Every structure is written in structure tokens, then in C-alpha cells.
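Computed from a predicted model, the values in this text were never measured in an experiment.
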Amino acid sequence: MRKTHRSGPGAGMVVAARSGDRQALDRLVGECLPLVYNIVGRALDGHADVDDVVQETLLRMVRGLSELRDPAAFRSWLVAITIRQVRDRERDRAVARHRSAGLEDAERIPDPALDFAGLTILRLGLTEQRREVAEATRWLDGDDRELLSLWWLEETGELDRAELASALGLSDRHAAVRVQRMKKQMEASRVVVRALGATPGCGELRAAAATWDGVPSPLWRKRFARHIRGCGVCGGMEEGLLPMDRLLNGLPLLALPPALDPGRVVAVTGHSVTGHAATGPAPVPRPAGPRHADCGPPSSARRPSRRWWPRHCWPPTS
């Protein structure tokens, strides 16, 4: 049975903060910050909106704290708020992408260090198969990245399955099915990462990648995986891959960036709550549930796409 190693506040701190203890509230925000940052960062793949979504999530948490009936359920309640904020921002980004579709190709820039996978590798010093797992996350679609952000924390001991399912608005059984599907996509992505990084590598795989723009995507994952399955050179890339739960077990939360200094976030959150005191707390968010296709107005411009595999590093086809 997996052992949890939870960080963050206990029920006593939640009760004190809910009762109006300002010091407890400040500590509550500060201790929730790493968990929220790791969920949002991985779900949004390190997008420029991450810091904004983290602060919006904590502000919503503070405003709705008086509505929380069971302090023991605080953690799952907070994770549900976080996932809701992620989905709202993804919806807004979808509108922005649609409106700026004509500029999409011109805005692509090679900067792999800016995504969350790159930050995870650098800050945690990941090597070998742990590094491959982090790189594989780049090839997932939005739904799977969202689920991965929670499952990763389940595997590292920060969440349990009930909290994961509750945050997604799913039953434990349905959540288990979703996790298994996502893990299959992750395993396929790990093989793709390994094949693309092999030396000297496969000439046919290089030829298949001739029109690839270097940005990982589910579509190119499927194309590369199809080649790997039928290729004598690439075959067997999955041999020796360790189970992901063994690789993730015990990994710490990713450290906060300077822009999310706890003292600064506490100050911003506290000022915002004081300024809105007359309006009362925000309603407790409904369960996350499935994603919806309806879109509201965009809240910010989309960050340019990042090229993961620099073109100058790709071996020539001839």
C-alpha cells in the first residue's frame, strides 16, 4: 500500500483560519501554495498563466473558507477548486487560440526550459528514467495532463485516490479507469522519448520526423508510436522501463519560483479579501466534472508554443 507523505496544513489550522485568526490564515495560504502550484504548473504545462491561476485559486479558497463545513475535507476541497480554476483558464485559452489562429505559426519559439517538465528535471535533478517520465508528460493532451497533475501527486504521496476522484467529480471506479488510460498514454510517450533520444537512432524515424515542428503533441506521439511498433531498429525500446509508481515514489514537490514568494502571495490574497469583505465569501465550487466545450471571453493572451526538440539537434536524414 502506498504511503502518503503529506505537506500542507492540518485541520486545526483550517479551523483557526476559518474562525478569523489572521496568523492562521496567513500560514494556511503559505502552506497550501506548493501543492496548488504543482497541480496548476503540471496541468497547464508551465504556461505563463500559471502564477495568475495559483493566486486566483488561493483567493477563491480564502473567500470560500467560511463555507467549508468539514475542516477534515479541506484538502480535497482545495484540490477541486484548483482543478476548476485550471479548466476555466484552459477554456479561456481555447478562445484565445481560436482568435489568433492566423498568428500561431509565427509565434512558435524554441524554449524547452520554460515548460513544467523542464523545470521538474532541472529543479529536482532528475536523471535517466525519471527524466524520461518528466519528458513524456509533454506528449499528453490537456485532459490527460490535468489528470496527470493529480496522479503524479498521488504517486508521490501528497494525495490519495479518494481526493483525486473527488477533485475530478468522478467515482473511485471511474477515476481508476481514467488513470489506467492516462498511464497507457504515458507509457507510449516514454517509448517515444527514448526512441527520439537514442544514439545513433533510427534513420526511418528521422525521416518520419522530417515535417515535425519539434513541439510534442498527441498527434505526433501516435505517429511516432506507430512507427516504433513496426520498426526492427526501434523495437524493444520499452525493455527495461521501470514502473512509473516506483520512479515517482518519494519525489518532493517542485519548489516555488521567486514570483510566488509565500509572503507576497499572502499579502496579495489578504488585501483582496479585505477589499471584498462586503460581498461575503465566494460560493463553494461545484465538483469539477467533465470538461465542457462552451467558452467564455479570454482572460489573457496565449503564450507562444515552445519547441521541445531543437531542430539543430536533430540528426540529418541523409
Side-chain angles (χ1 to χ4, degrees), residues 4 6-11 13-15 17-18 25 28-45 47 49-93 116 142-179 182 253 260 265 269 272-273 280-294 296 299:
T4 56
R6 294 174 180 273
S7 59
M13 187 185 301
V14 175
V15 172
R18 190 178 59 176
L25 180 61
L28 183 68
V29 173
E31 293 193 19
C32 290
L33 187 51
L35 179 66
V36 173
Y37 169 67
N38 275 260
I39 294 174
V40 174
R42 191 158 281 113
L44 294 183
D45 194 27
H47 189 272
D49 290 343
V50 167
D51 292 1
D52 289 343
V53 175
V54 169
Q55 293 195 46
E56 289 167 5
T57 299
L58 292 173
L59 179 58
R60 187 174 179 85
M61 177 204 78
V62 172
R63 289 180 174 175
L65 193 58
S66 62
E67 297 291 314
L68 178 63
R69 298 179 180 178
D70 181 10
F74 171 79
R75 196 178 187 84
S76 58
W77 175 75
L78 173 63
V79 175
I81 294 175
T82 306
I83 291 298
R84 175 59 60 189
Q85 293 301 114
V86 166
R87 290 182 177 179
D88 286 349
R89 187 54 59 96
E90 287 278 41
R91 179 193 62 197
D92 294 345
R93 286 170 60 187
F116 208 75
D143 287 339
D144 279 339
R145 263 202 323 271
E146 176 187 283
L147 177 57
L148 174 79
S149 70
L150 301 179
W151 176 77
W152 185 292
L153 294 178
E154 180 187 14
E155 292 300 325
T156 58
E158 289 288 342
L159 297 177
D160 59 33
R161 178 53 58 86
E163 290 166 337
L164 180 151
S166 176
L168 297 173
L170 304 175
S171 66
D172 288 353
R173 183 174 181 179
H174 191 183
V177 172
R178 286 278 312 276
V179 167
M182 182 272 297
L253 292 174
L260 284 176
V265 174
T269 305
S272 298
V273 172
V284 179
R286 63 192 183 279
R291 287 175 178 262
H292 297 285
D294 59 311
S299 61

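In this structure, Trp77 CH2 and Asp70 CG are separated by 12.0 Å, a value rounded to the nearest 0.5 Å. Distance check, rounded to the nearest 0.5 Å: CG of Asp51 to CG of Asp49 gives 9.5 Å. The line from CZ of Arg173 to CZ of Arg161 is 13.5 Å long, rounded to the nearest 0.5 Å. Taking CH2 of Trp151 as the reference point, atom CZ of Arg42 lies at 10.5 Å (rounded to 0.5 Å). Summarising the geometry, atom CD belonging to Glu154 is positioned 11.5 Å from atom CG belonging to Leu148; distances are rounded to the nearest 0.5 Å.
Of the possible polar contacts, one joining the Glu163 side chain to the Asp160 backbone as a donor-acceptor pair under 3.5 Å is found. Of the possible donor and acceptor atoms, one in the side chain of Arg75 sits under 3.5 Å from a partner among the backbone N and O of Glu158.
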| request: Dump the intermediate steps for side chain to side chain contact (heavy atoms under 4.5 Å, CB included) on Leu168 and Glu146, then the final yes or no. | output: CA-CA 9 Å; Leu168 297 173; Glu146 176 187 283; 3.5 Å; yes

| field | Candidate pair Val29 and Leu33, rule side chain to side chain contact (heavy atoms under 4.5 Å, CB included), full reasoning | value | CA-CA 6 Å; Val29 173; Leu33 187 51; 5.7 Å; no

| said: Working note: Leu153 + Leu253, criterion side chain to side chain contact (heavy atoms under 4.5 Å, CB included); need CA distance, chi angles, decisive distance, verdict. | reply: CA-CA 8 Å; Leu153 294 178; Leu253 292 174; 3.4 Å; yes

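Qualifying side chain to side chain contact (heavy atoms under 4.5 Å, CB included) partners for Ala11, counting only residues two or more places apart in sequence or in other chains: Pro71. Among residues two or more places apart in sequence or in another chain, the salt bridge (charged side-chain N to carboxylate O under 4.0 Å, His left out) test is passed with Arg145 by Glu90.
Across Cys32 and Met61, no two heavy atoms sit closer than the pair SG-SD, 4.0 Å. Pro9 and Met13 make their closest contact through CB-SD, 3.6 Å (heavy atoms, listed as atom of the first residue, atom of the second, distance). A pairwise comparison of heavy atoms in Ser149 and Ile83 identifies OG-CD1, 4.4 Å as the closest pair. The nearest pair of heavy atoms linking Ala162 to Asp172 is CA-OD1, 4.0 Å.
The closest side-chain heavy-atom distance from Leu150 to Val179 is not below 4.5 Å. Taking the side chain as every heavy atom from C-beta outward, Asp52 and Arg89 approach each other to under 4.5 Å. A 4.5 Å side-chain heavy-atom check between Val40 and Gln85 finds every atom pair outside the cut-off. With a 4.5 Å cut-off on side-chain heavy atoms, Val14 and Leu65 count as touching. Proximity of Phe74 to Leu28: side-chain heavy atoms (C-beta onward) are separated by under 4.5 Å at one or more points. Looking at heavy atoms from C-beta onward, Asp143 lies out of side-chain contact with Met182 at the 4.5 angstrom threshold. Within the 4.5 Å cutoff, the side chain of Gln55 has heavy atoms near those of the Leu260 side chain.
Screening Thr57, Leu78, Val79 for a side chain to side chain contact (heavy atoms under 4.5 Å, CB included) with Ile39, the sole residue that qualifies is Val79.
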